[in-house]
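Because only heavy atoms are used, hydrogens play no part in the values below, and waters and symmetry mates are left out as well, while side chains stay in. Residues take their numbers from the sequence shown, with the count starting at 1. In each ligand, atom 1 is the first atom listed, and ligand 1 is the first ligand listed. Keep in mind that this is a model prediction, so the values were computed, not measured.
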Amino acid sequence: MKRYDYIKARSVDEAIGLLKEYGPRAMLIAGGTDVMVGVKQGKFSPEVLISLREIEGLNYIKADQGSLKIGALTTHRELERSAVIAERFGALKDAVDNLGSVQIRNVATIGGNICNAAPSADTAPPLLVHDAEVEIKGPGGERRMPLEDFFLGPGKTALSPEEVLLGFSLPWPPEHAASAYWKHSRRQAMDLPILGVAMYLEVELRDPDPLKRAQKEGASVEAQLEALGESDILCREIRLALGVAAPTPIRTKRAEEVLKGQRLTKEGLIELGRVASEEAQPRDTIRGAAWYRREMIRVLPKRLALRCLERIFRREER
Ligand SMILES: Cc1cc2nc3c(=O)[nH]c(=O)nc-3n(C[C@H](O)[C@H](O)[C@H](O)COP(=O)(O)OP(=O)(O)OC[C@H]3O[C@@H](n4cnc5c(N)ncnc54)[C@H](O)[C@@H]3O)c2cc1C
């Protein structure tokens, strides 16, 4: 392995200064779970690693003026253990529960997961459906942008070479809203997804009782979908995002339009899945074939919608 210097930045400004000083010879490192694998494999060969880990104030999960703020250095383990994430940002909780191993989650950060910009980054689809914005700092000051515009290609982001990701801002979801993420992989943990699908759903519960009853009885997915048809639930807002279905994690906005403002039904969800699978641009990879990914994109939104509704009902009953 090539030798490198390791410098601990004490503040964001110091990190920016070091990036300026060393230019393309330097690379930022947070938890190091992607960087060190890349260095060992010869994918990157930085002369200087600038560590962000000692910087105070970049590790937080806090409610702030109608939004949730998450610091870039927050580890997946901290997200996994956060009550507010479990309660209101279910898709993110689903993602971190099955990301790597406990050892990985203890050191790996959400900022590193997003800046690594892998199409398979598990936290990306949940953050996308929650309409996350990224907060960035560089020599010219701070700026914000929608996460959707942040991914430019595999391993490529909108960060300029002297910028640091500070964190994320997610709008606080209204009462009758929930989200869920499905990591489709051969094993539950320690495996990257073959496909990742996240959904955010906001509803008006006009007559949810048939579906509530079916869920309480532990009915099959098919039976729950039939019960959904007998219920009257209006879809106020729906967002769907996919991982490993295109060169970057993506939102499927054409599919979302199918159900926005409509009554939630099995037929509507089938149509949404069909349009989403058309919008996706999956490739054949060693983890899975493109046709298989398209099939799963068609199928999974139904399950995710039922899971979101279950979460909305559970909160309503408390
Ligand atoms: C065994 C193993 C299992 C894994 N399993 C999964 C999995 O199931 N799902 C999954 O999504 N990933 C998985 N990963 C990948 C990895 O753990 C995650 O992507 C992790 O979140 C990366 O975070 P990190 O803090 O370790 O990032 P690092 O490796 O430190 O950095 C990653 C990239 O982000 C940049 N960076 C980091 N922080 C910042 C910042 N604040 N500002 C600007 N740039 C920054 C770095 O320069 C680098 O380019 C796995 C990795 C391993 C080794």
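Heavy-atom proximity to atom 17 (O) of ligand 1, evaluated over Thr33, Val96, Thr74, Asp34, is greatest for Thr33. Here atom 9 (N) of ligand 1 lies nearest to Asp122 when heavy atoms of Leu49, Asp122, Leu28 are compared. Distances from atom 31 (O) of ligand 1 to the heavy atoms of Val134, Val35, Leu73 put Val35 nearest.
Here Ile7 is tied into one hydrophobic group with Val12, Ile16, Leu18, Leu19, Tyr22, Leu28, Val48, Ile50, Leu52, Ile55, Leu58, Leu73, Val164, Leu166, each link being a pair of ILVMFWY side chains closer than 4.5 Å.
Interface atoms of ligand 1 facing Leu52, defined by a heavy-atom separation under 4.0 Å, are 38 (N), 39 (C), 40 (C), 41 (N). Close contacts of ligand 1 with Ala121, meaning ligand atoms under 4.0 Å from a residue heavy atom, involve 11 (O). Close approach of ligand 1 to Ala72 (heavy-atom distance below 4.0 Å) involves ligand atoms 41 (N). Every atom of ligand 1 is numbered from 1 in the order shown, and the set under 4.0 Å from a heavy atom of Gly31 is 24 (P), 25 (O), 26 (O), 30 (O). Residue-ligand proximity, Ile104 to ligand 1, at heavy-atom distances under 4.0 Å covers atoms 1 (C), 2 (C), 17 (O), 52 (C), 53 (C). The His76 neighbourhood of ligand 1 comprises atoms 20 (C), 21 (O), with distances under 4.0 Å to a heavy atom of that residue. Counting atoms of ligand 1 from 1 in the listed order, those under 4.0 Å from a heavy atom of Ala30 are 25 (O), 30 (O), 37 (C), 38 (N). Of all atoms in ligand 1, listed by their number and element, those nearer than 4.0 Å to a heavy atom of Leu192 are 6 (C), 7 (C), 9 (N), 10 (C), 12 (N), 13 (C).
Atom NZ in Lys69 sits 12.5 Å away from atom CZ in Phe168 (nearest 0.5 Å).
Residue Met36 places no heavy atom under 4.0 Å from ligand 1.
Between Thr248 and Pro119 there is no side-chain heavy-atom pair separated by less than 4.5 Å. Counting only heavy atoms from C-beta outward, the side chains of Ile61 and Leu68 approach each other to under 4.5 Å. Here the side chains of Arg293 and Arg287 are in contact, with some heavy-atom distance below 4.5 Å.
Lys212 and Asp207 are not joined by a salt bridge, as no carboxylate oxygen comes within less than 4.0 angstrom of a charged side-chain nitrogen.
Within the structure, no pair that satisfies the ring-ring contact (aromatic ring centres under 6.0 Å, His included) test touches residues 213-247, not counting sequence neighbours.
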